[in-house]
Number of protein chains: 2
Amino acid sequence: MTAMPTRTADQQRTQERARYDAYLAECPARQLLDRISDKWVSLLLNALADGPQRYSELHRTVAGVSQKMLTQTLRTLERDGLLTRTVTAAVPVRVDYALTPLGRSLLPVVAAVKDWAETHIEEVHAARRAYDA
Amino acid sequence: MTAMPTRTADQQRTQERARYDAYLAECPARQLLDRISDKWVSLLLNALADGPQRYSELHRTVAGVSQKMLTQTLRTLERDGLLTRTVTAAVPVRVDYALTPLGRSLLPVVAAVKDWAETHIEEVHAARRAYDA
DNA sequence: CGGGATCCGACGGGATACTG
DNA sequence: CAGTATCCCGTCGGATCCCG
């Protein structure tokens, strides 16, 4: 019995992929992309850019979002320190959301994405038409 | 029988959400975000930033990606005019991928995201720790 | 070497109903 | 008003096998 490799090539690749996944999980850029690429995050950030808004106001401003996703998205943004949640005890209750300085510092990044998109989207569409033909 | 509204409030909201979804589908910024937020897109863009690479090279460079997703992602990027696919007839076949000027113009945007992430990720992590406590 | 085709499990997210 | 809880279905993406 000679020195057989303990792991097959497949097992090695699986392991490497696991390690790469772990690396990506730590990668700051990856984490931020996962955040702002969320369907509702950039919409909410922009909605709050002009000042604080109540839950129901946000629900109206970002008309397409469901209650579940609105709440869930706001929670994660609060957890990440990008916005604050202020509860005013009253009847009925009042909850205001506002950007933190950290959240506000993210606006230019979102704007950069938006700018590239609006400048080059027509080229992309043209490329698609050409490709599909 | 008085003037009853034909649609209930629920139906109206459903319609509005449909309209909003349609609006988002057309929104350039949304489309771009959907692209670059794809798990592998920014990785591939960066991998090709230093010059063209073959399929197998990309497969090794971006170690975590599966064949399926690598091919699929490259196809959509090609369709969007962000990179080119060059087949060299030979045995075995050789396929090279390279960024187009349009794809290259996207690099600064990805870099902006990366910069914010690396600068502020620690604040985000701190905020999470505080929130979880 | 560079894919295409197929199957299938996980999960993201909408709809709905209920609550302090 | 501002949520929470549950169900449920569609899609994404990995695994696997096959091909020119």
Side-chain angles (χ1 to χ4, degrees), chain A residues 8-21 24-25 34-35 37-41 43-44 52-79 83-98, chain B residues 8-22 24-25 33-35 37-41 43-44 52-79 83-98:
Chain A
T8 68
D10 269 5
Q11 286 175 323
Q12 279 196 6
R13 289 197 323 173
T14 301
Q15 262 223 349
E16 277 189 27
R17 198 158 319 118
R19 243 182 287 131
Y20 200 81
D21 280 354
L24 283 182
D34 284 345
R35 269 290 154 281
S37 71
D38 184 289
K39 188 174 180 180
W40 306 112
V41 167
L43 270 342
L44 288 176
Q53 271 193 275
R54 302 181 56 171
Y55 183 89
S56 48
E57 289 176 319
L58 285 173
H59 206 345
R60 246 173 294 118
T61 306
V62 185
V65 71
S66 64
Q67 296 171 353
K68 177 185 176 180
M69 290 317 296
L70 179 55
T71 301
Q72 190 177 111
T73 306
L74 288 170
R75 285 289 183 282
T76 67
L77 291 180
E78 184 196 3
R79 179 169 182 262
L83 54 78
T84 59
R85 177 172 178 271
T86 311
V87 181
T88 306
V91 181
V93 188
R94 175 197 180 97
V95 181
D96 287 273
Y97 292 91
Chain B
T8 68
D10 268 5
Q11 288 175 320
Q12 278 196 6
R13 288 200 320 173
T14 300
Q15 262 226 344
E16 277 188 27
R17 198 159 319 119
R19 245 182 286 130
Y20 201 82
D21 280 354
L24 283 183
L33 273 177
D34 283 344
R35 267 293 155 279
S37 70
D38 184 288
K39 188 174 180 182
W40 306 113
V41 167
L43 270 342
L44 288 176
Q53 271 192 278
R54 302 182 56 173
Y55 183 88
S56 48
E57 289 176 321
L58 286 172
H59 205 345
R60 246 173 295 119
T61 306
V62 184
V65 71
S66 66
Q67 297 172 350
K68 177 184 176 181
M69 290 317 295
L70 179 55
T71 300
Q72 190 177 110
T73 307
L74 288 171
R75 284 290 182 282
T76 67
L77 291 179
E78 184 196 1
R79 178 170 183 261
L83 54 78
T84 59
R85 176 172 179 270
T86 310
V87 181
T88 305
V91 180
V93 188
R94 175 195 179 99
V95 181
D96 287 273
Y97 292 91

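Everything numeric in this text was worked out from a predicted model, so none of it was measured. Labels below follow one simple rule: chain letters A, B, ... track the order of the sequence lines, proteins then strands, and each chain is numbered from 1.
The distance from atom CG of B:Leu58 to atom P of C:dG2 is 10 Å, rounded to the nearest whole Å. One can place OH of B:Tyr20 at 13 Å from P of C:dG14, the figure rounded to the nearest angstrom. When the P atom of D:dA2 is taken as reference, atom CG of A:Leu70 falls 10 Å away, rounded to whole Å. Atom NZ in B:Lys39 sits roughly 10 Å away from atom C1' in D:dG14 (whole-Å rounding). Nucleotide C:dA15 holds its C1' atom 14 Å from the CG atom of B:Asp21, rounded to whole Å. To the nearest angstrom, C1' of D:dA2 lies 15 Å from CD of A:Gln53. If you take NE2 of A:His59 and P of C:dA15, they are 11 Å apart, rounded to a whole angstrom. Atoms CZ (B:Arg94) and C1' (C:dG3) sit 16 Å apart, rounded to a whole Å.
The side-chain hydrogen bond (donor to acceptor under 3.5 Å, both in side chains) test applied to B:Arg54 returns no partner, not counting sequence neighbours. Every salt bridge (Lys or Arg N to Asp or Glu O under 4.0 Å) that B:Lys39 has, sequence neighbours left out, goes to A:Asp21. By the side-chain hydrogen bond (donor to acceptor under 3.5 Å, both in side chains) test, A:Arg75 is found to be paired with no residue, residues two or more places apart in sequence or in another chain being considered. Judged as a side chain to side chain contact (heavy atoms under 4.5 Å, CB included), and not counting sequence neighbours, A:Ala18 has no contacts.
The phosphate of D:dG3 has OP1 or OP2 within less than 4.0 Å of a side-chain N or O from A:Tyr97. Here A:Ser56 reaches the OP1 or OP2 of D:dA2: one of its side-chain N or O atoms lies under 4.0 Å away. Taking 4.0 angstrom as the limit, A:Arg54 places none of its side-chain polar atoms (N or O) nearer than this to OP1 or OP2 of D:dC1.
Residue pairs that meet the side chain to side chain donor-acceptor pair (under 3.5 Å) test with at least one member in residues 57-71 of chain B, sequence neighbours left out, are B:Gln53-B:Thr61, B:Tyr55-B:Thr71.
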Can you tabulate the close N/O pairs, meaning under 3.5 Å, that link protein atoms to atoms of nucleotides 4-12 of chain D?
residue, atom, partner, partner atom, Å
D:dT4, OP1, A:Arg75, NH2, 3.4

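Of the possible polar contacts, one joining the A:Thr76 side chain to the A:Thr73 backbone as a donor-acceptor pair under 3.5 Å is found.
The two residues B:Leu43 and B:Val62 come nearest to each other via the heavy atoms CB-CG1, 4.2 Å.
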